[in-house]
Amino acid sequence: MGKSKDSYSPVSVNGNGEMKNGNGEMKNGKNEKSSLGDEKDSGMKLKAEMTLLNGCGVIIGCIIGSGIFVSPTGVLASTGSVNMSLVVWAICGVFTMIGAYCYAELGCMITKSGADYAYIHVTFGPFLAFVRIWIECMIVRPCTLAIQSLTFSLYILKPLFPECDPPAESTRLLAAACLCMVGFINCYSVKWANLVQDYLTYAKVFALIIICMTGIVQLFKGNVEHFTWDDTETNPATLALSLYSGLFAFTGWNCLNFIIEEMKNPVRDLPRAIAISCVVCMLIYLLTIVAFHTTLSVSEVLGSEAVAVTFANRLYGRMAWVISIFVALSTFGAVNGNILTTSRLFFAGAREGQMPTALAMIQINRVTPMPSVVIITLLSLLYLTSSDIIQLINYASFSIWLSIGAAVFCVPYLRWKCPDMKRPIKVNLIFPITYLLLTAMILILPAIVKPVETGIGIAMILTAVPVYFSLIAWKTKPAWVHRMTSGGTNWLQRLLMIVPQDKED
C-alpha cells in the first residue's frame, strides 16, 4: 500500500506547473509549463467544475438506476400488499433524506473527497476508515457496477430476443463494452463525464415521467382494484427485509459527497443538490410504483423479473421496446455515476496512504484521476466472470448499512468531541439519532431472519483486518518492499503520465 506522502514519486508538479524528479531537478520545464496551460497557476489538482445542476444530475443519476425497475418485486414480496409496499417506499424515501441531511453537515465540515470514508477517518482513525474503503472498493462498488452493466446489456439485447433471454456470452460482452466505454469517458474528461451524467439523467427521468403519466391516466380510468391491504405481512423482521430492496433503489444518495472537492461552491450547492434530488427521486418512485399497480396485480409483479417491461408490454404494445431502451440508458447513467464517484473514493484512500500511491495521482494532460478510474473498471470487469453477483450484494448489505450508520454516528460524536469545528450546516441531533435507530433496526431484524447472510457479511468485513495490519500498520517493512513499490509507482507514472496532486497550503 502507498504512503500518504509522495516519498516514492519519481515525478511531481510544483505550483508553477514544472515537472521535477525525486531529487528536485527540473525536467523539461518550459515544455511542461506550456502543456499544462491553465494549471500553471493553480498547480496540479482536480478542477472544481461542478455546478448545482451537475450535482443534482450526479445524485439523481446515481439513485435512479436499475433499482426502481427490479426492486418493486422484492418490496412487494416482503410486504404482501400493495398499500403496505407504498408505505415502505415512502419510509425508504424519508430515511434517505434524513441520512442525506446528516451527510450535508459532514460534507460541509469535512471538505475532502471520499464521503463516509473521509468522515470515519477523521472521526475514528485509519483502521475503521480502511475497513470501510476495503468493503466499498473491493466488493460493493464493483459488484454494483457489474450488475448495472449487465442490466444495461440485457435491456439493449432484449428487443432482439423477444421470445427468449439473450445469450449469456453476448450479455457479458456488451456489459464489458459498457464498462470500458464509461471508464474511457471518465479517464478522458471530467466535463465529458458530467455531460453524460446530465443528459442520461434527463433521459431516465423522462422515461419514468412517461410511466407516471400513464399511471395517472389509468387512475382516472378507475383502475384502483389492486390498492388494498389484503395479505399484508405483520412480522416486523420480514417487513424489515423489504427495506433492503427499497433502499437498494435509493442507493447513490451519498454519491455527491465523494466528489465534493470538485464542486464550485460546496457549502451552498451540496445541501441544495441533496434536498432537490432526494425529493425528486422519492416522488418519482412513489408515482412509478402507483403506475405499475394500476395495471399489474400482485401476482404479476411477483412473477416478473423486470416490472417495467411487463408494464410496457401490457399498455404500449409494439412500442414496448422504448421502455427497454430507456432502462438501458438509465443503467448506463448509473454506471457512469458510480465510476465517477468510486474512482474518487480510491483517490481519497490513496491520498491517506491506505491504497497504492499511484491511485492518488492525476493524468497530467487530462487532469483526471486516471489510475483510480482504471482500477475500478478492471475490478468490475472481473466480477462479470461470476453469475452470482446479486447474492454477493445481499451478503454485503450488512456491511453497507453498518458503515453508513458509522458515518452518521460521526455527527453526534463530533458535536461532543470537537464542538468548535466549523459547521456551515448544523443539523438538529434528532435527525442523526432517528437515523441511527432505524439503521439498528435494519441491521438486527433481518439478521434474525437470515443469520447466514449476516454472518457472511461480517466475515467480509473481517477480511480487511489482516490486509490492514500486514500492508498498512506494519511500518518496518524490508527495504526490498519499498524498492518494489517505488519501482511500480515509477513505471505507472511513466506509462500513464500521472503525477501527484499538489497539496493545498
Side-chain angles (χ1 to χ4, degrees), residues 1-14 17-22 25-29 31-40 42-47 49 113-114 133 137-138 141-142 145 176-177 179-194 258-259 261-262 336 338-382 482-503:
M1 295 293 172
K3 293 186 176 183
S4 57
K5 296 183 179 180
D6 303 319
S7 56
Y8 297 129
S9 303
V11 180
S12 62
V13 172
N14 65 13
E18 299 168 330
M19 293 185 69
K20 295 183 178 181
N21 63 16
E25 299 170 346
M26 293 297 300
K27 291 186 66 178
N28 303 324
N31 292 336
E32 289 304 326
K33 185 181 291 188
S34 61
S35 68
L36 285 172
D38 294 338
E39 297 303 319
K40 64 182 181 180
S42 60
M44 179 59 62
K45 59 182 70 177
L46 293 175
K47 295 180 181 179
E49 297 181 334
S113 292
I133 199 172
C137 288
M138 305 307 293
R141 290 301 185 97
L145 282 165
L179 287 170
C180 292
M181 182 183 297
V182 175
F184 168 77
I185 291 170
N186 280 269
C187 285
Y188 189 77
S189 171
V190 172
K191 284 186 176 179
W192 279 25
N194 285 331
F258 283 91
I259 51 177
E261 293 179 58
E262 295 170 58
N336 182 71
N338 269 319
I339 286 184
L340 179 70
T341 56
T342 305
S343 62
R344 274 53 171 188
L345 184 58
F346 274 106
F347 186 90
R351 190 169 57 184
E352 298 294 338
Q354 296 196 335
M355 286 284 174
T357 306
L359 295 182
M361 297 185 184
I362 300 172
Q363 215 285 328
I364 195 169
N365 296 317
R366 309 311 313 173
V367 197
T368 57
M370 181 181 287
S372 54
V373 172
V374 170
I375 194 66
I376 185 59
T377 303
L378 292 176
L379 282 172
S380 302
L381 289 171
L382 286 176
H482 292 296
R483 287 195 299 270
M484 183 175 67
T485 57
S486 176
T489 301
N490 187 358
W491 180 78
L492 283 173
Q493 283 194 262
R494 297 178 188 279
L495 175 68
L496 301 177
M497 291 295 291
I498 54 176
V499 294
Q501 176 175 242
D502 279 1
K503 297 182 181 296

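Numbers for residues simply follow the sequence, beginning at 1.
In this structure, Arg141 CZ and Met138 CE are separated by 14.0 Å, a value rounded to the nearest 0.5 Å. Between the CG atom of Leu378 and the SG atom of Cys180 there is a distance of 8.0 Å, given to the nearest 0.5 Å. For the atom pair CG of Leu381 and OG1 of Thr377, the computed distance is 7.0 Å after rounding to the nearest 0.5 Å. The structure places CG of Leu492 at 13.5 Å from CE of Met497, a figure rounded to the nearest 0.5 Å.
The ring pair (Phe, Tyr, Trp, His ring centres under 6.0 Å) test applied to Phe184 returns Tyr188, not counting sequence neighbours. A search for side chain to side chain contact (heavy atoms under 4.5 Å, CB included) contacts involving Cys187 returns Met370, Val373, Val374, not counting sequence neighbours. Here Met484 pairs with Trp480 under the side chain to side chain contact (heavy atoms under 4.5 Å, CB included) rule; sequence neighbours left out.
Heavy-atom minimum distance, Ile376 versus Cys137: CD1-O, 4.3 Å. Here the closest heavy-atom approach between residue Ala193 and residue Asn186 is recorded as CB-OD1, 3.4 Å. Summarising the geometry of Val182 relative to Asn336, their closest heavy-atom pair is CG1-CA, 3.4 Å, with the distance given to 0.1 Å.
Here the side chains of Ile339 and Ser380 are not in contact, with every heavy-atom distance at 4.5 Å or above.
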